[in-house]
Protein chains: 2
Amino acid sequence: MREEPVARTSGLLLLENPKMEEVVGFLQDSFRRKDLVIIVGDCECKYSGRASSSLGHGERVVLIKGDGSVQVHRPTGYEPVNWQPARCILSVSLEGSSLSIKAHRSRPRETLDTVFSSLIFIASTRLMDRAEFSLYVSEEQMRDALVSDPSILEDGLRLIDFERRVEPGFIDFYGKDTQGRFVVVELKRTPAGKDAILQLKRYVDVVGETTGLSVRGVVAAPSLRSGAQRILATLGLEFKRLSPRRCAKLLQKRETRKISEFFRAP
Amino acid sequence: MREEPVARTSGLLLLENPKMEEVVGFLQDSFRRKDLVIIVGDCECKYSGRASSSLGHGERVVLIKGDGSVQVHRPTGYEPVNWQPARCILSVSLEGSSLSIKAHRSRPRETLDTVFSSLIFIASTRLMDRAEFSLYVSEEQMRDALVSDPSILEDGLRLIDFERRVEPGFIDFYGKDTQGRFVVVELKRTPAGKDAILQLKRYVDVVGETTGLSVRGVVAAPSLRSGAQRILATLGLEFKRLSPRRCAKLLQKRETRKISEFFRAP
DNA sequence: TGCTAAATCTCGAAC
DNA sequence: GTTCGAGGTTTAGCA
């Protein structure tokens, strides 16, 4: 006799070595509730869409999330061997003694069919997760990256000075472009707003007065806040996208290169 | 009283609402055996390496494979929020009442630390999976792709004919390059071997005799079988990599473009 | 909606 | 080992 799935404190439902028949309803309920489902068992996969693929029998972990995304994981490899992104239409059916789970989407039109010939266990649960994910790179790290390779902002851009003291404060990056024009860069780790633009404007004015030449002002940030583009254009300043991630990557590269050059030295 | 983890027929070990203390040994054993581990629980994540990231408390699924890869999955999204590729060094420790799982690798130097404050369940199992994964595109589809856009093989390559009847059989693709030289292409869906090369040689010779001009012979395949490069060079023929996937992608693009052009038509 | 560029891209092959 | 290119790339930012 089989026991019914038991609801845990966390709302976890577990089926160990379940029968195919009972699994159909179990999965349909889980999909309807948009719960997360983990299936471990022996399955085949067929994918058809942008390309076609087939994968014979083997024991795998299948992860089906409430958003309709599907992943089939083999025992090794970071990436799923087969998958389907979110917003799939999921359907479960019994095919003889096997269980078929189809994940279909249009645009692009593609289907992943996972057919289980045996099941080791199935878990279904609703996960609570409201946390915010944040990738960090400091403004100082971004400045270091720009100083070490100004071309990440603009081709041919060269460094004159950084953290340069001028009347209202410090210029993050001070350089010269391919046409020989001075460039003042205001760096922001987060989307740049009016404050950053006005700050830059002051620096540009000061440098313009000091040198008596026309000076370019560039806001370098991951993006502009809404409305900032308008102010920027009004003041004759520019925006250049600079992603914190790219800066971090470049710094990492420089770091490893330094180390390798050190070891290569005689 | 807690019951001991029970070994299933499949070698599955399950812990439901386990205590942190018992989990440490459980995970260390699993990692040593290089079994696959699934953990569901409330955790925080900190990543540091190429970039830095932090993720606050939330219920997630963590998948740790025998190859040392780690994935932290939130309730939605196809991709893991945090991850670490294969060949990581895994370590488990108790930090107060929390469980910390660190995945570290060098080159690039980066660490993912996942700290569980509570556990819903843990599963550990060895998966048997020896199946081969294959992506399908027929040779005919590859030929269609090449015919519809010869530049995927070589810049400026133009089509003269395909499936062209010559003495020993059919030339897959017959064209002309930017220098006006005739090009005979032999297509293979799988790594090309001696047979494909000799076939191509016959076509090239026939076309050369017919036209009285020098003719280029190109093997287009995902790769060359070992030793084939040598024969190719000896016979004065060329190899151009052509992936079935890229052909499939191109065909799909053409298809969608056709459809959109159809709908756009007046 | 479609494109273009970046990704903690990953992964594999060639050099 | 390192570099280079492809991917069912995915994803985010913009026009």
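Naming: A, B, ... by sequence-line order, numbering from 1 per chain. Everything quoted here is computed from the prediction, not taken from an experiment. Every heavy atom of this structure was used, including side-chain atoms; hydrogens, water molecules and symmetry mates were not.
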Interatomic distance at C1', dA6(D) relative to dT10(D), whole Å:
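The same atom, C1', in both gives a distance of 14 Å.
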With P as the reference atom in both, quote the distance from dT11(D) to dC11(C) in angstrom, rounded to an integer.
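The same atom, P, in both gives a distance of 16 Å.
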With a 4.5 Å heavy-atom cut-off, do Ser117(A) and His57(A) have their side chains touching?
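They are in side-chain contact.
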For Leu112(B), which contact category applies under a 4.0 Å heavy-atom criterion: base, sugar-phosphate, or nothing?
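Since no nucleic acid heavy atom lies under 4.0 Å of Leu112(B), the category is nothing.
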Per the salt bridge (charged side-chain N to carboxylate O under 4.0 Å, His left out) rule, what does the pair list look like for residues 188-200 of chain B, sequence neighbours excluded?
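Counting only pairs at least two positions apart or across chains, no salt bridge (charged side-chain N to carboxylate O under 4.0 Å, His left out) contact touches residues 188-200 of chain B.
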For Lys34(B), enumerate each residue passing the side chain to side chain donor-acceptor pair (under 3.5 Å) test, keeping only those at least two apart in sequence or located in another chain.
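Applying side chain to side chain donor-acceptor pair (under 3.5 Å) to Lys34(B) gives none.
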Report the residues that fulfil side chain to side chain donor-acceptor pair (under 3.5 Å) with Thr114(A), sequence neighbours left out, ordered by chain and then residue number.
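Result, side chain to side chain donor-acceptor pair (under 3.5 Å) vs Thr114(A): none returned.
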Does dT8(C) have its OP1 or OP2 closer than 4.0 Å to a side-chain nitrogen or oxygen of Ser48(B)?
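So the side-chain polar atoms of Ser48(B) never come under 4.0 Å of the phosphate oxygens OP1 or OP2 of dT8(C).
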Which residues satisfy the salt bridge (charged side-chain N to carboxylate O under 4.0 Å, His left out) test with Lys46(B), sequence neighbours excluded?
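Counting only residues at least two positions away or on another chain, Lys46(B) forms no salt bridge (charged side-chain N to carboxylate O under 4.0 Å, His left out).
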Please list, chain by chain and in numerical order, all residues satisfying salt bridge (charged side-chain N to carboxylate O under 4.0 Å, His left out) with Arg33(B), sequence neighbours excluded.
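If we apply the salt bridge (charged side-chain N to carboxylate O under 4.0 Å, His left out) test to Arg33(B), skipping adjacent residues, the hits are Asp35(B).
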Pick the closest DNA chain C nucleotide for Phe133(A) and for Arg107(A) by heavy atoms, then say which residue is nearer the 5' end.
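Nearest-nucleotide comparison on DNA chain C picks Arg107(A).
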Contact letters for nucleotides 9-15 of chain C, in which S counts primed atoms plus P, OP1 and OP2 and B counts the base, heavy atoms under 4.0 Å:
SSS----
Does Phe31(A) have any side chain to side chain contact (heavy atoms under 4.5 Å, CB included) partners at least two apart in sequence or in another chain, and if so, which?
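Once residues adjacent in sequence are excluded, the partners of Phe31(A) under the side chain to side chain contact (heavy atoms under 4.5 Å, CB included) criterion are Leu27(A), Val37(A), Ile64(A), Leu90(A), Val92(A), Ile101(A).
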With sequence neighbours left out, write down each residue that passes side chain to side chain contact (heavy atoms under 4.5 Å, CB included) with Asp129(B), or none if nothing qualifies.
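Per chain and number, Asp129(B) pairs via side chain to side chain contact (heavy atoms under 4.5 Å, CB included) with Arg60(A), Arg74(A), Pro75(A), Ala131(B).
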Under 4.0 Å from any heavy atom of chain A: name the first and the last nucleotide of DNA chain D that qualifies, 5' to 3'.
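Listed 5' to 3', the contact boundaries are dG8(D) to dC14(D).
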